[in-house]
Engineer: 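Encoded as structure tokens, here's the structure I'll be asking about.
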2 protein chains.
Amino acid sequence: MYTETATMGSITPLRASERAYRQLRGEILDGVLAPGTGLLEVEQAERIGVSRTPLREAVARLIADGLVAGRTGRGFEVTEISVDSIGELYELRQALELQAVRLAAERRDPQAFLVLREQFLTAPELLLHGDSGVRRYYTLIEEFEEAIDAAVVNPFLVGALRSVRTHLARIRRLARKNSLRLRQAAAEHLLIIDAIIAGDPSLAAHAAHVHLHMSLTSVLRAIEEDALARGDRIAPSETVYPQISQSS
Amino acid sequence: MYTETATMGSITPLRASERAYRQLRGEILDGVLAPGTGLLEVEQAERIGVSRTPLREAVARLIADGLVAGRTGRGFEVTEISVDSIGELYELRQALELQAVRLAAERRDPQAFLVLREQFLTAPELLLHGDSGVRRYYTLIEEFEEAIDAAVVNPFLVGALRSVRTHLARIRRLARKNSLRLRQAAAEHLLIIDAIIAGDPSLAAHAAHVHLHMSLTSVLRAIEEDALARGDRIAPSETVYPQISQSS
DNA sequence: GTTGCGGTTTCTGTATACACAAGACTGATC
DNA sequence: GATCAGTCTTGTGTATACAGAAACCGCAAC
């Protein structure tokens, strides 16, 4: 959004602030910088190899993204992800994605989604091919999201969606999905795509609603199982939807 | 969100970057800095009375808000508001506000909305009292929005709503509403409030949908009338929804 | 043992200086 | 007279220096 390098692939030396932003953002999304980690300006500036000025600009952008929060006195810290915040994020996600697929169904270029449809049909087979298949599947999801963005046109809505996807990327790391769930998800996506091709906004929205419900349920269950496997004590009454204290 | 001055009213000297941000933001929202205005760092830093470093931080936040866009070569500029972008903003607004009132109806504290209800009942009377009445009415709207935010709880959703409201503030300036429309709007708000009090999410969402539709129609008509009054040539076929070229 | 106060240290917030790049202007040549 | 090239101006991107403030540590008193 800042530096247009559309013509050629990042031949531009890239500004220091942009480098710092991308590196920090990447490290936060990959979990290298764990939630709650306290960061100091000088320390990070040295590590990344830029001076404090561009680093501060990068941090300002991360704060705007909601990936980092300014601490009162000392430095800044990577924001926490609580189970509550996952539910909250999905409430926003639902509002945005239902609207997005609705508009996409009204305005779509059928051709683009017909191509996507073919690819999603091969997903179950794809997911039998181990880790590389899973990666290929995730690129497919990205192409799907890009097709939606292109069909929706609306920059405000697309911007809000991008923000949500940033946080989703962090959550995905928390609960790596099993391949059974991924096959289900592919089928759910196929339904949404069919509705969009058919130009049926209402069906597209309802299919997306179903998908998001399944997705949230799966994520929460995976997190819960991870917690149990690590031996965290969870009271029996809370096993279905464990309530963890909320930051923010 | 940055500086907590909850205890006392802005006794804190306030950081230079924060001052620059608030001043620029205020001037953009009030239209003092018109859309399309080109801004230069040195020039603005001098005018506001801060050095370039905090000014750049302020501009970075404004860019994140979508109020300002970086120009390729020279400086930055206040973003344009096209008629298309108003429609697009309302598409996002609809997604967010319908979800918000839905959740508010589920989670609300009835007491807060009963108080609001009483106040909104007096709105038609209030709006007979000229300009001060109109200002009082707008504070009422703000209280309504705050009550929704409090009832929704969800920080992600509330954050997205705040962003939308920022852009709405600019649009309101473009098309100052007549008092007839404001009385209608008050009645529409009352319906939403009643639905929330009744704990009926679906009714609340539908009432909000109606309100937004009326609001958008009114805004577009007001802008069109302004354009005609200024003598702008609009082709007859475009009178209902004039299509103006889109920035962003 | 705990609590309060003061000194010290470290970190942020801001200003400023410097380097590099992109336009603009001027002069020369065709 | 027009066009191109070189220089010059101007503005951003970055580094760094300085000042003020907040946290930490130690000491002392209760």
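Everything numeric in this text was worked out from a predicted model, so none of it was measured. Excluded from the calculations below are hydrogen atoms, water molecules and symmetry mates; all remaining heavy atoms, backbone and side chain alike, are included. Lettering of chains follows the sequences in order, A, B, ..., and the numbering in each one begins at 1.
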Engineer: Check this for me, if you would: do A:Arg61 and A:Glu18 make a salt bridge, where the nitrogen-to-carboxylate-oxygen distance has to be below 4.0 angstrom?
Structural biologist: yes
Engineer: Does B:Leu161 reach the side chain of B:Val152, with side-chain heavy atoms less than 4.5 Å apart?
Structural biologist: no
Engineer: To the nearest angstrom, how far is A:Glu43 atom CD from C:dC11 atom P?
Structural biologist: 8 Å
Engineer: Measure the shortest side-chain to side-chain distance between B:Arg170 and B:Pro35 over non-hydrogen atoms and say whether it is less than 4.5 angstrom.
Structural biologist: yes
Engineer: Using a strict 4.0 Å threshold on nitrogen-to-oxygen distance, state whether B:Asp30 and B:Arg173 make a salt bridge.
Structural biologist: no
Engineer: Between C:dT10 atom P and A:Gln44 atom CD, what is the distance in whole Å?
Structural biologist: 18 Å
Engineer: Under 4.0 Å between a side-chain nitrogen and a carboxylate oxygen: does that hold for B:Asp226 and B:Arg221?
Structural biologist: no
Engineer: Detail all sub-3.5 Å separations between protein N/O atoms and N/O atoms belonging to nucleotides 13-15 of chain D.
Structural biologist:
from: D:dG13; atom 1: OP2; to: B:Arg56; atom 2: NH1; distance (Å): 2.7
from: D:dG13; atom 1: OP2; to: B:Arg56; atom 2: NH2; distance (Å): 3.2
from: D:dG13; atom 1: N7; to: B:Arg52; atom 2: NH2; distance (Å): 2.9
from: D:dG13; atom 1: O6; to: B:Arg52; atom 2: NH1; distance (Å): 3.1
from: D:dT14; atom 1: OP1; to: A:Ala16; atom 2: N; distance (Å): 2.2
from: D:dA15; atom 1: OP2; to: A:Ser51; atom 2: N; distance (Å): 2.7
from: D:dA15; atom 1: OP2; to: A:Ser51; atom 2: OG; distance (Å): 2.7
from: D:dA15; atom 1: N7; to: A:Thr53; atom 2: OG1; distance (Å): 3.0

Engineer: Please determine if B:Glu27 and B:Arg47 form a salt bridge, counting it only when a charged side-chain N lies under 4.0 Å from a carboxylate O.
Structural biologist: yes
Engineer: Taking atom P of C:dG23 as reference, at what distance in whole Å does atom CG of B:Leu40 sit?
Structural biologist: 13 Å
Engineer: For B:Phe76 and D:dG11, what is the distance between atoms CZ and C1' respectively, to the nearest whole Å?
Structural biologist: 12 Å
